[in-house]
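The structure displayed is predicted, hence computed values, not measured ones. Below, read A as the first sequence line, B as the second, and so on, with proteins coming before strands; counting in each chain starts at 1. The figures here come from the full heavy-atom set of this structure, side chains too, leaving out hydrogens, waters and symmetry mates.
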Amino acid sequence: MSLHTPRKKPRIHFDDDEGLRKSHSTSSGPSSPLQKQREQLPIAKGRDALIREIRENDVTILLGETGSGKTTQVPQYLLEAGMAGKGMVAVTQPRRVAATSLAARVAAERGVKLGSLVGYSVRFDEVCGADTKIKYVSDGMLVRELLSDPLLSRYSVIVLDEAHERTLRTDFLIASLKSIQVKRKQAADGKRKGKSPSSEINPLKIIVMSATLDAEKFSRFYHNARILYVKGRQHPVKIFHTAVSQTDYVESALRAFFQIHLDQPPGDVLIFLPGQEDIESLEKTIISHAKRLPVSVTNVLVCPMYASLPPSQQARIFSATPSKMRKCILATNIAETSITIPGVKYVIDTGKCKEKRYLSKDTGGGFDTLLTRDITKASALQRAGRAGREGPGFCFRLYTEEAFNNLAASLEPEIRRCSLTQSVLELKCLGQDLETVEFMDPPDINSVIAALKTLWIIGALGNSNELTPLGRQMASFPVEPYLARIILASSAHGCTSEVIDIVSLLSSSSSLFLDISDQRDAIASARSKFRHPSGDHLTMLNALRAYQEMAETENKSSRKEWCKQHFLNERTIAEALKIRDQLRSTCGRVGLDWRASKKDSEEPVLRSFTVGLVQQSALLQPDGSYKQLMGHSVVKIHPGSTLADKKVPAIIFDELVYTNHIYARGVSSVPRSYFNGVTPALPNGS
DNA sequence: GAGCACTGC
């Protein structure tokens, strides 16, 4: 890094620099009672027209900009108009926090207790009652509900919110609801004609809510459904592009930040970066440059923000900025949709993000890629909007206007980018095939073939791709099919208790072991206490057991301290313990004894894992590299693994991610003989 | 030699 102070660096030239120096007003407004606020929302003016349209049409596409109030108001309008009938209004959300906080907001607006008229339902947490009419649900929850109630008969209206995000689960619902609506209409018509008087099935109304201009596509899919538009309400954000394209976005972000810091009035700065590595490096350079500024200049408070950051450090961004300081938040895409940071007036957008994409291989041994790429127009607009939450804001794009115009309109839907194993299995349970279901965007045929192959290898499907009893059992576990296979395999090896402990940790959303890049030595020595010679799976089990032993006698704050000392993520442990409860009760339902234990014996556990991980395994080659057992890729053990640098005859692993190399993460060493008999077709007779 | 973000009764 150069040692110049930022002032001596050449300025980045943004178009319309003049406008940047003009006055900066701030917003203010007296807070008003909830009902008055409701009436003032942009959507309130269109209430009657909206109800009329929804009443007259089976499907309505509602396009609402940020701040229109559509997500909180439309369900209430439906209720007030009597359109819930005897059923419920479900509103789906891609994120849990959105579902729970929206439900709380709407309950407050109606002056009722959460869980009475208005409730929510997400994994591990359901606040609903017999009189609940408006229910906010995570989209994954509604997919699970579909498996036990294929017509979703409890709901009169289903609102798919944030449909533009095109998550795999929303796409799954968009496709399923189309055929459900036909079936329910037929059933209801039959009832009217007296053909099936016992039927309680009523017609279903579908409302698709979206924020971007993909409306025509949703409309075409639902037989040219009506599209309604609602204006939003956001403070204006002035957008600047660079005059010329930038070669190094981290360097450019550094310069742009100090231009704002030195020239612009108070207000916090949010910088969007693709990942942890860039965030850490920019954090260091901003701090070192800020130290060289004259004492008269406002101090800088740098706050990194990404999902795997320990919660205590994440909390910093929500605390008020100390006076005479400027907060500078360095964030990934987490700040684009998942969290809203108060006080942000300036956004710096590098135009980059990381994207996970599944690469299927015809050999069946595919892997995920996690690479930095350009964002989309939709994403650029969303990022800019983060500057206009509380008052007029400014967005500095570190790319030219021409580059912006050349960005893709929106992200490719998840169904085209990720492994489809679980979705194929879920559809099989509903008696359908992913190849024949009508999706808005059909999945790639190679991904479908890869998913079918995986399901066949783990025994969920038979030779004619028919669902096996084993496959149906796997689908009842709320984990990836290969993890469910491991649990089922543990039954024969008598170690379900140990296996469920490990699977719960693997299925958690974040890693058990914290990774703080400048404390890696301390982390390695803390972890050596738990280290098991076979590798990461049993090391995780040792860590979990040590935590539980400690937790029996210690109080909350000393548990927290213990986790900190051992660099364990307490949030992961808490999540894993909840997942474990679910898995234990699922075991009960499918007739497995989760108490079965082989104590400290490693062989049964590793044998069980090998059954589910045959496809995720590699053999040591004479040249010291590892090559996939099923597939042709050479893989490296991830440096964070307890087996990094170790040479063992064979490994199994949780996932394969291509970043700089193809890395195997979550690795254990197993004897090659364990593969005998667990795979239907081994290549080369190895 | 090192991880974007979500979700599951």
Side-chain angles (χ1 to χ4, degrees), chain A residues 92-99 120-126 128 137-149 162 165-173 272-280 305-309 331-339 350 352-357 368-373 375 379 382 411 414 417-418 422-423 425-426 475-481 483-484 504 507-511 513-518 520 523-524 569 575 578-579 581-583 585-586 589 636-641 644-645 654-661 663-666:
Chain A
T92 70
Q93 294 293 322
R95 284 165 291 278
R96 298 164 48 94
V97 276
Y120 67 82
S121 177
V122 298
R123 191 183 193 183
F124 308 130
D125 195 7
E126 176 163 12
C128 285
V137 296
S138 53
D139 52 13
M141 195 59 138
L142 205 59
V143 170
R144 293 304 292 190
E145 222 172 298
L146 199 60
L147 295 181
S148 57
D149 176 10
E162 312 284 10
E165 290 188 25
R166 304 292 308 277
T167 68
L168 181 59
R169 293 164 297 277
T170 301
D171 270 18
F172 194 102
L173 290 170
F272 282 102
L273 291 147
Q276 180 178 349
E277 197 182 349
D278 289 329
I279 288 174
E280 284 171 350
M305 182 69 204
Y306 45 88
S308 62
L309 196 70
T332 60
N333 259 356
I334 193 170
E336 200 178 293
T337 48
S338 304
I339 57 162
T350 58
K352 301 286 178 188
C353 66
K354 279 196 187 179
E355 183 194 70
K356 200 168 194 173
R357 183 177 279 270
D368 285 320
T369 63
L370 186 60
L371 301 171
T372 301
R373 57 161 289 167
I375 60 169
S379 180
Q382 179 73 18
L411 205 61
E414 211 177 42
R417 295 168 16 225
C418 67
Q422 193 162 16
S423 296
L425 182 60
E426 283 164 348
S476 53
F477 286 92
V479 294
E480 292 286 329
L483 292 173
S504 303
S507 185
S508 297
S509 49
S510 41
S511 159
F513 300 111
L514 292 176
D515 178 26
I516 305 158
S517 57
D518 53 4
R520 278 178 179 156
I523 288 171
N569 190 339
E575 189 183 346
K578 284 192 224 167
I579 295 174
D581 283 343
Q582 274 192 343
L583 297 180
S585 67
T586 311
R589 266 182 278 134
K636 280 190 172 186
I637 297 178
H638 191 274
S641 167
D645 301 327
D654 304 322
E655 58 175 358
L656 220 47
V657 183
Y658 177 78
T659 50
N660 297 315
H661 299 280
Y663 284 115
R665 300 178 61 96

- Is Gln582(A) touching bases, backbone alone, or none of the nucleic acid, heavy atoms closer than 4.0 Å? sugar-phosphate
- Message: Measuring to OP1 and OP2 of dC9(B), would you say a side-chain N or O of Arg589(A) lies under 4.0 angstrom away?
- Response: no
- Protein-nucleotide distance (Arg169(A), atom CZ; dC9(B), atom P), rounded to Å: 11 Å
- Message: By the 4.0 Å heavy-atom rule, please label Tyr663(A) as base, sugar-phosphate, or nothing.
- Response: sugar-phosphate
- Nearest-angstrom distance from the residue atom CZ of Phe272(A) to C1' of dA5(B): 12 Å
- Decide whether Gln93(A) and Ser138(A) meet the rule of one side-chain donor and one side-chain acceptor closer than 3.5 Å. no
- Item | Set of residues satisfying side-chain contact (heavy atoms from CB on, under 4.5 Å) with respect to Glu126(A), sequence neighbours excluded | Ser121(A), Cys128(A), Lys135(A)
- Message: The side chain of Arg144(A) is closest to which nucleotide in this list: dC4(B), dG1(B), dG8(B)?
- Response: dG8(B)
- Length of the CG-C1' vector between Asp368(A) and dA5(B), whole Å: 13 Å
- Query: When all nucleic acid strands are considered with a 4.0 Å heavy-atom cut-off, which category describes Ser517(A): base, sugar-phosphate, or nothing?
  - Reply: nothing
- Task: Identify whether any heavy atom of Val657(A) sits under 4.0 Å from a base atom; if not, whether one sits that close to sugar-phosphate; answer base, sugar-phosphate or nothing.
- Result: nothing
- Across the strands shown, which category fits Ile334(A) at heavy-atom distances under 4.0 angstrom: base, sugar-phosphate, nothing? sugar-phosphate
- Task: Would you indicate what Phe124(A) reaches in the nucleic acid, counting non-hydrogen atoms under 4.0 angstrom: base, sugar-phosphate, or nothing?
- Result: nothing
- Task: Specify the separation, in whole Å, of atom CZ of Arg417(A) and atom P of dC6(B).
- Result: 14 Å
- Query: Tell me: CD of Glu280(A) to P of dG1(B), nearest whole Å?
  - Reply: 18 Å
- So what does Gln276(A) touch, heavy atoms closer than 4.0 Å: a base, only the sugar-phosphate, or nothing? sugar-phosphate
- Contact class for Thr337(A) (heavy atom, under 4.0 Å): base, sugar-phosphate, or nothing? nothing
- Within the structure shown, what part of the strands sits under 4.0 Å from Asn660(A) by heavy-atom distance: base, sugar-phosphate, or nothing? sugar-phosphate
- Candidates dC9(B), dG1(B), dC4(B) - which lies nearest the side chain of Arg123(A): dC9(B)
- Message: Using a heavy-atom cut-off of 4.0 Å across all strands, would you classify Gly275(A) as base, sugar-phosphate, or nothing?
- Response: sugar-phosphate
- Message: So Arg520(A), base contact, sugar-phosphate only, or nothing? Heavy-atom distance under 4.0 Å.
- Response: base
- Which residues pass the ring-ring contact (aromatic ring centres under 6.0 Å, His included) test with Tyr663(A), sequence neighbours left out? His638(A), His661(A)
- Task: Would you classify Glu480(A) as touching base, sugar-phosphate or nothing, given that sugar-phosphate means primed atoms plus P, OP1 and OP2, and contacts are heavy atoms under 4.0 Å?
- Result: base
- Which nucleotide, dG8(B), dC9(B), dG1(B), lies nearest any side-chain atom of Gln422(A)? dG8(B)
- Query: Should Ser121(A) be listed as having a side-chain N or O under 4.0 Å from OP1 or OP2 of dC9(B)?
  - Reply: no
- Nearest-Å distance for atom pair CG/C1', residues Leu147(A) and dG8(B): 10 Å
- Task: Provide the closest heavy-atom pair for Gln582(A) versus Pro478(A) in the form atom of the first, atom of the second, distance.
- Result: OE1-CG, 3.5 Å
- Below 4.0 Å: OP1/OP2 of dT7(B) and any side-chain N or O of Thr167(A): no
- Message: So does Phe513(A) get a backbone contact from the side chain of Ser511(A), meaning a donor-acceptor N/O pair under 3.5 Å?
- Response: yes
- Using a 4.0 Å heavy-atom cut-off across all strands, classify Arg95(A) as base, sugar-phosphate, or nothing. sugar-phosphate
- Is a salt bridge present between Glu165(A) and Arg95(A), judged by a nitrogen-to-oxygen distance below 4.0 Å? yes
- Roughly, in whole Å, what's the span from CZ in Arg166(A) to C1' in dT7(B)? 17 Å
- Query: For Glu126(A), which contact category applies under a 4.0 Å heavy-atom criterion: base, sugar-phosphate, or nothing?
  - Reply: nothing
- Looking only at side-chain atoms of Ser138(A), point me to the closest of dG1(B), dC9(B), dG8(B). dG8(B)
- May I ask you to decide whether Asp125(A) forms a salt bridge with Arg96(A), counting only side-chain N to carboxylate O separations under 4.0 Å? no
- Message: On DNA chain B, compare the nucleotides closest to Pro478(A) and Lys354(A); which residue's is nearer the 5' end?
- Response: Lys354(A)
- Task: Return the value, rounded to whole Å, for the distance between atom CE of Met141(A) and atom C1' of dC6(B).
- Result: 15 Å
